[in-house]
K.L.:
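Sharing a structure here in C-alpha coordinates format.
In what follows, every heavy atom counts, from backbone to side chain, and hydrogens, waters and symmetry copies are set aside. Lettering of chains follows the sequences in order, A, B, ..., and the numbering in each one begins at 1.
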Amino acid sequence: MDPEEYVEAVLSLVERIPEGRVMSYGAIAEVLRDRADGRGSARRVGSIMAHYGGSVPWHRVVAANGRVVPGHEREALRRLRGEGTPLRGDHVDMRAAAWWPPDPR
DNA sequence: GGAATGACGATAA
DNA sequence: ATTATCGCCATTC
(Lines give C-alpha, C1' and ligand atoms only; values in the text may rest on other atoms or scores of the structure.)
Protein backbone atom coordinates (compact mmCIF):
# COMPACT_ATOMS: atom_id res chain seq x y z
CA MET A 1 0.00 0.00 0.00
CA ASP A 2 1.26 3.44 -0.82
CA PRO A 3 1.91 5.59 2.23
CA GLU A 4 -0.47 8.04 0.64
CA GLU A 5 -3.41 5.72 1.22
CA TYR A 6 -2.60 5.23 4.86
CA VAL A 7 -2.44 8.98 5.21
CA GLU A 8 -5.89 9.24 3.69
CA ALA A 9 -7.25 6.65 6.07
CA VAL A 10 -5.88 8.54 9.06
CA LEU A 11 -7.19 11.89 7.90
CA SER A 12 -10.65 10.59 7.10
CA LEU A 13 -10.90 8.98 10.50
CA VAL A 14 -9.84 12.16 12.25
CA GLU A 15 -12.49 14.04 10.32
CA ARG A 16 -15.11 11.69 11.76
CA ILE A 17 -14.29 12.59 15.34
CA PRO A 18 -17.33 14.47 16.69
CA GLU A 19 -17.00 17.87 18.28
CA GLY A 20 -16.33 17.74 21.96
CA ARG A 21 -14.60 14.39 21.62
CA VAL A 22 -11.02 13.27 20.98
CA MET A 23 -9.00 10.25 20.01
CA SER A 24 -5.51 9.30 21.02
CA TYR A 25 -2.84 8.47 18.45
CA GLY A 26 -2.75 4.95 19.72
CA ALA A 27 -6.52 4.57 19.40
CA ILE A 28 -6.43 5.77 15.79
CA ALA A 29 -3.62 3.37 15.01
CA GLU A 30 -5.57 0.53 16.53
CA VAL A 31 -8.72 1.28 14.56
CA LEU A 32 -6.84 1.65 11.29
CA ARG A 33 -5.06 -1.57 11.97
CA ASP A 34 -8.32 -3.35 11.20
CA ARG A 35 -9.58 -1.13 8.40
CA ALA A 36 -6.57 -0.25 6.29
CA ASP A 37 -3.71 -2.64 6.68
CA GLY A 38 -1.92 -4.65 9.29
CA ARG A 39 0.00 -1.52 10.22
CA GLY A 40 -0.86 0.84 12.92
CA SER A 41 1.22 2.34 15.60
CA ALA A 42 0.96 5.55 17.52
CA ARG A 43 4.24 6.75 16.09
CA ARG A 44 3.09 6.40 12.53
CA VAL A 45 -0.10 8.28 13.14
CA GLY A 46 1.74 11.05 14.95
CA SER A 47 4.26 11.35 12.18
CA ILE A 48 1.52 11.52 9.57
CA MET A 49 -0.43 14.14 11.47
CA ALA A 50 2.72 16.22 11.73
CA HIS A 51 3.09 16.33 7.96
CA TYR A 52 -0.40 16.07 6.54
CA GLY A 53 -2.65 16.93 9.49
CA GLY A 54 -3.04 20.53 8.42
CA SER A 55 -6.34 19.84 6.63
CA VAL A 56 -8.20 18.07 9.46
CA PRO A 57 -9.28 18.92 13.03
CA TRP A 58 -5.92 17.88 14.45
CA HIS A 59 -6.77 19.45 17.79
CA ARG A 60 -9.15 16.54 18.40
CA VAL A 61 -6.20 14.18 18.36
CA VAL A 62 -4.34 14.02 21.64
CA ALA A 63 -1.82 11.80 23.37
CA ALA A 64 -3.17 8.82 25.30
CA ASN A 65 -2.55 10.58 28.58
CA GLY A 66 -4.69 13.55 27.51
CA ARG A 67 -1.78 15.79 26.68
CA VAL A 68 -2.51 18.09 23.73
CA VAL A 69 -0.38 18.44 20.64
CA PRO A 70 3.17 19.64 21.39
CA GLY A 71 3.89 22.96 19.77
CA HIS A 72 0.23 23.87 19.38
CA GLU A 73 -1.02 23.60 22.92
CA ARG A 74 -2.35 27.14 23.03
CA GLU A 75 -4.26 26.80 19.77
CA ALA A 76 -5.53 23.30 20.53
CA LEU A 77 -6.77 24.16 23.99
CA ARG A 78 -8.50 27.23 22.68
CA ARG A 79 -10.42 25.24 20.08
CA LEU A 80 -11.20 22.38 22.44
CA ARG A 81 -12.66 24.77 24.96
CA GLY A 82 -14.71 26.32 22.19
CA GLU A 83 -16.15 22.92 21.30
CA GLY A 84 -16.97 22.02 24.86
CA THR A 85 -14.44 19.23 25.10
CA PRO A 86 -14.15 17.98 28.68
CA LEU A 87 -10.90 19.50 29.88
CA ARG A 88 -9.12 19.18 33.16
CA GLY A 89 -6.90 22.22 33.35
CA ASP A 90 -4.45 22.11 30.45
CA HIS A 91 -5.14 18.55 29.41
CA VAL A 92 -8.10 16.61 28.06
CA ASP A 93 -10.22 14.53 30.38
CA MET A 94 -9.81 11.27 28.44
CA ARG A 95 -12.18 9.49 30.73
CA ALA A 96 -15.03 11.61 29.38
CA ALA A 97 -13.79 12.80 25.98
CA ALA A 98 -12.31 9.63 24.50
CA TRP A 99 -14.27 8.58 21.41
CA TRP A 100 -14.29 5.46 19.24
CA PRO A 101 -15.83 5.11 15.81
CA PRO A 102 -19.09 3.12 15.72
CA ASP A 103 -18.28 -0.56 15.55
CA PRO A 104 -19.61 -1.79 12.16
CA ARG A 105 -19.92 -5.32 13.45
C1' DG B 1 22.31 -1.13 4.30
C1' DG B 2 22.59 0.79 8.99
C1' DA B 3 21.72 4.57 12.17
C1' DA B 4 18.96 8.29 13.65
C1' DT B 5 14.34 10.18 14.21
C1' DG B 6 9.63 11.07 15.62
C1' DA B 7 2.39 15.44 16.87
C1' DC B 8 3.47 7.93 20.79
C1' DG B 9 2.64 4.62 24.87
C1' DA B 10 3.31 2.05 29.00
C1' DT B 11 6.00 1.39 33.03
C1' DA B 12 9.35 2.31 36.56
C1' DA B 13 11.62 5.31 39.83
C1' DA C 1 2.93 15.09 39.11
C1' DT C 2 7.65 14.62 36.49
C1' DT C 3 11.60 12.53 34.39
C1' DA C 4 13.82 8.53 32.48
C1' DT C 5 13.80 4.23 29.64
C1' DC C 6 12.42 0.96 26.54
C1' DG C 7 9.50 -0.83 22.88
C1' DC C 8 7.27 0.29 18.30
C1' DC C 9 7.93 0.70 13.28
C1' DA C 10 7.84 3.45 8.94
C1' DT C 11 10.41 7.29 7.09
C1' DT C 12 14.50 9.79 6.33
C1' DC C 13 19.28 10.57 6.56
Side-chain angles (χ1 to χ4, degrees):
Chain A
M1 170 194 281
D2 289 309
E4 203 175 306
E5 296 184 45
Y6 190 69
V7 171
E8 258 183 78
V10 172
L11 297 182
S12 64
L13 179 54
V14 171
E15 280 183 346
R16 292 187 197 108
I17 302 175
E19 289 187 7
R21 293 312 235 307
V22 298
M23 276 188 86
S24 68
Y25 298 95
I28 292 172
E30 219 177 299
V31 170
L32 286 183
R33 184 156 54 174
D34 284 343
R35 308 203 161 180
D37 205 338
R39 319 180 212 198
S41 81
R43 279 209 119 109
R44 234 142 308 297
V45 175
S47 167
I48 289 170
M49 288 304 288
H51 295 289
Y52 307 86
S55 49
V56 294
W58 48 268
H59 54 278
R60 297 192 191 140
V61 183
V62 301
N65 56 353
R67 205 62 140 186
V68 298
V69 183
H72 295 273
E73 302 182 357
R74 192 183 72 87
E75 185 67 13
L77 284 176
R78 201 194 65 175
R79 295 194 182 193
L80 291 172
R81 286 185 198 287
E83 293 180 356
T85 306
L87 299 179
R88 205 196 309 167
D90 59 345
H91 64 297
V92 177
D93 183 350
M94 291 305 280
R95 184 178 60 177
W99 178 83
W100 280 76
D103 207 330
R105 190 171 25 135

K.L.:
Using residues 87-102 of chain A as the side-chain source, report each donor-acceptor pair under 3.5 Å to any protein atom, sequence neighbours left out, with the distance given to one decimal.
P.N.:
unit_1: A/His91; atom_1: ND1; unit_2: A/Arg88; atom_2: O; d: 2.6
unit_1: A/Asp93; atom_1: OD1; unit_2: A/Arg95; atom_2: N; d: 3.3

K.L.:
Is there a path of hydrophobic side-chain contacts, each under 4.5 Å between heavy atoms of I/L/V/M/F/W/Y residues, joining A/Tyr6 to A/Val31?
P.N.:
yes

K.L.:
Would you say that A/Tyr25 contacts A/Val69 through its side chain, given a criterion of any heavy-atom pair below 4.5 Å between the two side chains?
P.N.:
yes

K.L.:
How close do A/Thr85 and A/Gly20 get, heavy atom to heavy atom, and via which atoms?
P.N.:
OG1-CA, 3.5 Å

K.L.:
Heavy atoms within less than 4.0 Å of DNA chain B: which residues of residues 60-68 of chain A have one? Give them sorted by number.
P.N.:
A/Ala63, A/Ala64

K.L.:
What residues form a side-chain hydrogen bond (donor to acceptor under 3.5 Å, both in side chains) with A/Glu73, not counting sequence neighbours?
P.N.:
none

K.L.:
Could you list the residues that satisfy side chain to side chain contact (heavy atoms under 4.5 Å, CB included) with A/Ala63, not counting sequence neighbours?
P.N.:
A/Asn65, A/Arg67

K.L.:
Taking only residues two or more places apart in sequence, or in another chain, which ones meet A/Val14 in a side chain to side chain contact (heavy atoms under 4.5 Å, CB included)?
P.N.:
A/Val10, A/Ile17, A/Ile28, A/Met49, A/Val56, A/Pro57, A/Val61

K.L.:
Among all residues two or more places apart in sequence or in another chain, which pass the side-chain hydrogen bond (donor to acceptor under 3.5 Å, both in side chains) test with A/Ser47?
P.N.:
none

K.L.:
What residues in residues 82-96 of chain A put a non-hydrogen atom under 4.0 Å from any atom of DNA chain B?
P.N.:
none

K.L.:
Restricting to salt bridge (Lys or Arg N to Asp or Glu O under 4.0 Å), what partner residues turn up for A/Glu30, sequence neighbours left out?
P.N.:
none

K.L.:
Could you tell me the boundaries of the chain A footprint on DNA chain B, defined by atoms under 4.0 Å from its heavy atoms?
P.N.:
B/dG6 to B/dA10

K.L.:
Kindly write out the residues that satisfy side-chain hydrogen bond (donor to acceptor under 3.5 Å, both in side chains) with A/Arg16, not counting sequence neighbours, or none if the list is empty.
P.N.:
none

K.L.:
Between A/Glu83 and A/Arg79, is there a side-chain N and carboxylate O pair less than 4.0 Å apart?
P.N.:
no

K.L.:
Not counting sequence neighbours, list each pair that qualifies as a ring pair (Phe, Tyr, Trp, His ring centres under 6.0 Å) and has a residue in residues 43-85 of chain A.
P.N.:
A/Trp58-A/His72

K.L.:
Go through residues 49-59 of chain A and report each residue with a non-hydrogen atom lying under 4.0 Å from DNA chain B, sorted by number.
P.N.:
A/Met49, A/Ala50, A/Trp58

K.L.:
At under 4.0 Å between heavy atoms, what does A/Gly71 touch on the DNA or RNA strands: base, sugar-phosphate, or nothing?
P.N.:
nothing

